[in-house]
Protein chains: 2
Amino acid sequence: MAHAVTLEALRVLEAIHKLGSFAAAAEALFKVPSALTYTVKKLEDDLGVPLFDRSRQRAVLTPAGHLVLEQGRAILDATIRLEDSIKQFESGWEPKLRIARDTVLLESPLMEVVGDFLVQNRPVELTLSEESVGGGWDALQDDRVDLVIGVTGELPKGNFYTRAIGELEFVFAVAPTHPLALVEGVVTAAQLRQYPAIVVADSSKKLPARNIGIFESRQVLRVETMRSKIQAQCLGLGVGYLPKHRIMDELNSGRLVTRQCEFPRPNITAYLAWRKDSPGRGLSWFVDCLSQQDWQLIPASV
Amino acid sequence: MAHAVTLEALRVLEAIHKLGSFAAAAEALFKVPSALTYTVKKLEDDLGVPLFDRSRQRAVLTPAGHLVLEQGRAILDATIRLEDSIKQFESGWEPKLRIARDTVLLESPLMEVVGDFLVQNRPVELTLSEESVGGGWDALQDDRVDLVIGVTGELPKGNFYTRAIGELEFVFAVAPTHPLALVEGVVTAAQLRQYPAIVVADSSKKLPARNIGIFESRQVLRVETMRSKIQAQCLGLGVGYLPKHRIMDELNSGRLVTRQCEFPRPNITAYLAWRKDSPGRGLSWFVDCLSQQDWQLIPASV
DNA sequence: ACCTTTATTCAATTTTTTTGAAATAATATC
DNA sequence: GATATTATTTCAAAAAAATTGAATAAAGGT
């Protein structure tokens, strides 16, 4: 047979697997069970492989069935994206917009902008996520998000637009109860090595992980978000550089104190970044608003 | 309408675009033109957008049509891959196997193995390609190849198997007519800077490009393959490190001479690498043969 | 053992797709 | 500029495919 696979058959497979039975799937698809029997059997005949094991009462996927299901899901997703693209093409508004914020940035400035967007009641479904270190680039490149806020470092390969939103200043901060708080003057490498370092793990799933500002400590505690890192350092669990704009409260109230460190950490520029290809009206709107938003950073020098 | 796109409609779209008319596409698909009119009109109705511009005699795609075609192709490709996967699942032999050779390696040892495979007349379609520097990893990660030979350096993220095939030794070589050939003793950084460096460009399309062994020359000539680099250096266009096993002939015949260099380049291990997931019989066969093949390298120490 | 749930078979029915002939329109040719 | 050619659409009829519902068989729960 020329073309065995049809989207309808993949949908049926998916439904049966998800709901656990032909009967339940039939109901969900507004059909009668024998219709599914027909569709499934046709696909099995065309493919030449049984997709379900019928030795028991409830049909369960064979290994071949799992294979078809898995790749079939990707195909169904692609058709949904295709239909979404057409909708965007007509209205200009993308049906879905995925925004990632790097964990170095505060959440509230983003939320303000999101609030402004939501009251406009556009036909756009928003998804927010948080990334760390190189993870923002990774998510963008891997097409898991459409827009990232607060990415830093080198531009990876690919066609991206960027816009600087300010400079990040890092200070070496410890809890006042931490032994390093007692050090007068500059903290040395030897002193650093005595205490655990708290680092934010790279959330990359595809690109190689970056390790920024790791000094060789005896112990490293890896956390997922900047919030966790700040909290860990406030509790005196370890030490490390923190973005100044995130810890103004902690510094003012004395929950953290700064020290000079032998290895200074230079300021780095934070960017908005998005894919070049055909931005929808939603993406354009967010790029405009987010680049004018006050992220409480140092204005970008260049 | 719930689900507008069907694979059949995408195939029709693709055929009309490729062959330039409804009539030609109909013939290719063993149908009658009015059947295509029906299919296309149905898709247009369901999507709510005209896909073809009919103001002229021959129908041409509208921008929206191009969008559907482009994404549709990806979907059709995925369905073909799905059917291929099933075939592999049944016979064990993958219908397609894509092998990349890093440009540091000789081509002939691979060709010998390929020859041995072809005489077995397996139902496997082979594709060979050449990659450079980080490009092998890139192609593997991006699923453009199934197996790479001669990748070096750090393992990127992802699930890969690797097997060492030997160590690469690099020698600093220049044409006998090159000014640096006259230097006695060790070539210094200052001397190096005087002459163009020949480097093999990273063929990566997704991962960040690696730059190995670039010393800051006034001029850099970037080439795509090791063969080009060797040739450029034989012609005295520039200098650089070359893999010793690739230039034995040139060294013996005096077309290249070696010199000591202030920056020595350590040996590096070359690997076979492939994706973990479900190797077919073809991939397994190649991994076995290729890892036993004599690549004329130094046996791996570790 | 009995009842319930589940999947399949099969003939009848409905829906969808395909066809071929005729109509319409745009290019090409003389 | 008239005419032939090529290309697409329209429409009713025919063919193919999908869906239904009733009957059947078999598995699991109580």
Side-chain angles (χ1 to χ4, degrees), chain A residues 1-62 64-66 68-69 72 76 79, chain B residues 1-62 64-66 68-69 72 76 79:
Chain A
M1 186 126 302
H3 296 293
V5 181
T6 67
L7 297 177
E8 192 52 26
L10 294 177
R11 281 185 204 110
V12 167
L13 215 66
E14 154 89 46
I16 296 173
H17 174 76
K18 196 173 95 189
L19 301 173
S21 77
F22 279 56
E27 192 172 7
L29 296 171
F30 305 106
K31 292 183 184 178
V32 109
S34 58
L36 303 201
T37 300
Y38 170 85
T39 306
V40 170
K41 183 164 290 180
K42 184 159 170 11
L43 182 58
E44 288 178 318
D45 285 353
D46 292 351
L47 247 28
V49 191
L51 265 19
F52 285 97
D53 172 8
R54 281 113 159 150
S55 63
R56 327 225 137 227
Q57 189 180 15
R58 306 182 84 93
V60 1
L61 284 172
T62 59
H66 267 112
V68 175
L69 176 66
L76 292 175
T79 66
Chain B
M1 185 127 303
H3 296 292
V5 301
T6 66
L7 297 178
E8 192 52 27
L10 294 178
R11 281 185 205 109
V12 167
L13 215 65
E14 154 88 45
I16 295 172
H17 174 74
K18 196 173 92 188
L19 301 173
S21 78
F22 278 57
E27 191 172 6
L29 295 171
F30 306 105
K31 291 185 184 178
V32 109
S34 59
L36 303 202
T37 302
Y38 169 86
T39 306
V40 170
K41 184 164 288 181
K42 185 161 167 12
L43 181 60
E44 288 178 318
D45 285 353
D46 291 352
L47 247 29
V49 190
L51 265 18
F52 284 97
D53 172 8
R54 279 115 159 150
S55 64
R56 324 225 137 231
Q57 188 180 18
R58 306 182 85 91
V60 323
L61 285 171
T62 60
H66 268 112
V68 175
L69 176 66
L76 292 176
T79 67

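These figures come from a predicted structure and were not determined experimentally. Letters A, B, ... are given to chains in the order of the sequence lines, protein chains preceding strands, and every chain is numbered from 1.
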Near-strand residues of residues 49-60 of chain A, defined as heavy-atom separation under 4.0 angstrom from DNA chain C: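 A:R54, A:Q57, A:R58, A:A59, in order of number.
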Contacting residues from residues 11-26 of chain B, given that a heavy atom lies under 4.0 angstrom of DNA chain C: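 Going residue by residue through residues 11-26 of chain B, none turns out to have a heavy atom under 4.0 Å of DNA chain C.
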Pairs flagged by salt bridge (Lys or Arg N to Asp or Glu O under 4.0 Å) wherever residues 49-61 of chain A is involved - sequence neighbours left out: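 Non-adjacent pairs meeting salt bridge (Lys or Arg N to Asp or Glu O under 4.0 Å): A:E44-A:R54.
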Counterpart residues, side-chain contact (heavy atoms from CB on, under 4.5 Å), relative to B:S34 (two or more places apart):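 For B:S34, the residues satisfying side-chain contact (heavy atoms from CB on, under 4.5 Å) (neighbours in sequence not counted) are B:V32.
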Report each atom pair, protein N/O against N/O of nucleotides 20-22 of chain C, whose distance is under 3.5 angstrom.
residue: C:dG20; atom: O6; partner: B:S34; partner atom: OG; Å: 2.9

B:V68/B:L10 under side chain to side chain contact (heavy atoms under 4.5 Å, CB included): CA gap, chis, key distance, verdict: CA-CA 8 Å; B:V68 175; B:L10 294 178; 3.9 Å; yes
CA sep, side-chain torsions, deciding dist, call: B:V40, B:F52, side chain to side chain contact (heavy atoms under 4.5 Å, CB included): CA-CA 9 Å; B:V40 170; B:F52 284 97; 3.7 Å; yes
Specify the closest pair of heavy atoms between [X] and [Y], including all atoms of both residues, with the distance to one decimal.
| X | Y | result |
| --- | --- | --- |
| A:D46 | A:A4 | CB-CB, 3.3 Å |
| A:V5 | A:L43 | CA-CD1, 4.1 Å |
| B:A64 | B:P50 | CB-O, 4.1 Å |

Distance-only criterion, 3.5 Å: show the donor-acceptor pairs between side-chain atoms of residues 11-28 of chain A and protein atoms not counting sequence neighbours.
residue: A:R11; atom: NH1; partner: A:E8; partner atom: OE1; Å: 3.1
residue: A:E14; atom: OE1; partner: A:R73; partner atom: NE; Å: 2.9
residue: A:S21; atom: OG; partner: A:A23; partner atom: N; Å: 3.4
residue: A:S21; atom: OG; partner: A:A24; partner atom: N; Å: 3.0

Position toward the 5' end of DNA chain D (nearest nucleotide), B:K41 or A:P33: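 The 5'-side residue here is B:K41.
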Distance, nearest 0.5 Å, that separates OH of A:Y38 from NZ of A:K31: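 Separation between the atoms: 10.5 Å.
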Rounded distance (nearest 0.5 Å) linking atom CG of A:L51 with atom CG of A:L47: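 The CG atom of A:L47 is 6.0 Å from CG of A:L51, to the nearest 0.5 Å.
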B/S/- contact track for nucleotides 13-18 of chain D, protein heavy atom under 4.0 Å: ----SB
Under the side-chain hydrogen bond (donor to acceptor under 3.5 Å, both in side chains) test, residues paired with A:D45 that sit two or more places apart: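 For A:D45, no residue satisfies side-chain hydrogen bond (donor to acceptor under 3.5 Å, both in side chains) once neighbours in sequence are set aside.
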In whole Å, what is the span from the [atom1] atom of [X] to the [atom2] atom of [N]?
| X | N | atom1 | atom2 | answer |
| --- | --- | --- | --- | --- |
| A:D45 | C:dT9 | CG | P | 10 Å |
| B:L43 | C:dT17 | CG | P | 11 Å |
| B:E8 | C:dT17 | CD | P | 10 Å |
| A:E27 | C:dT6 | CD | P | 10 Å |

Degree of bending in the helix from C:dA1-D:dT30 to C:dC30-D:dG1 once both end axes are built from five pairs, to 10°: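 Nearest ten degrees gives 30° for this helix.
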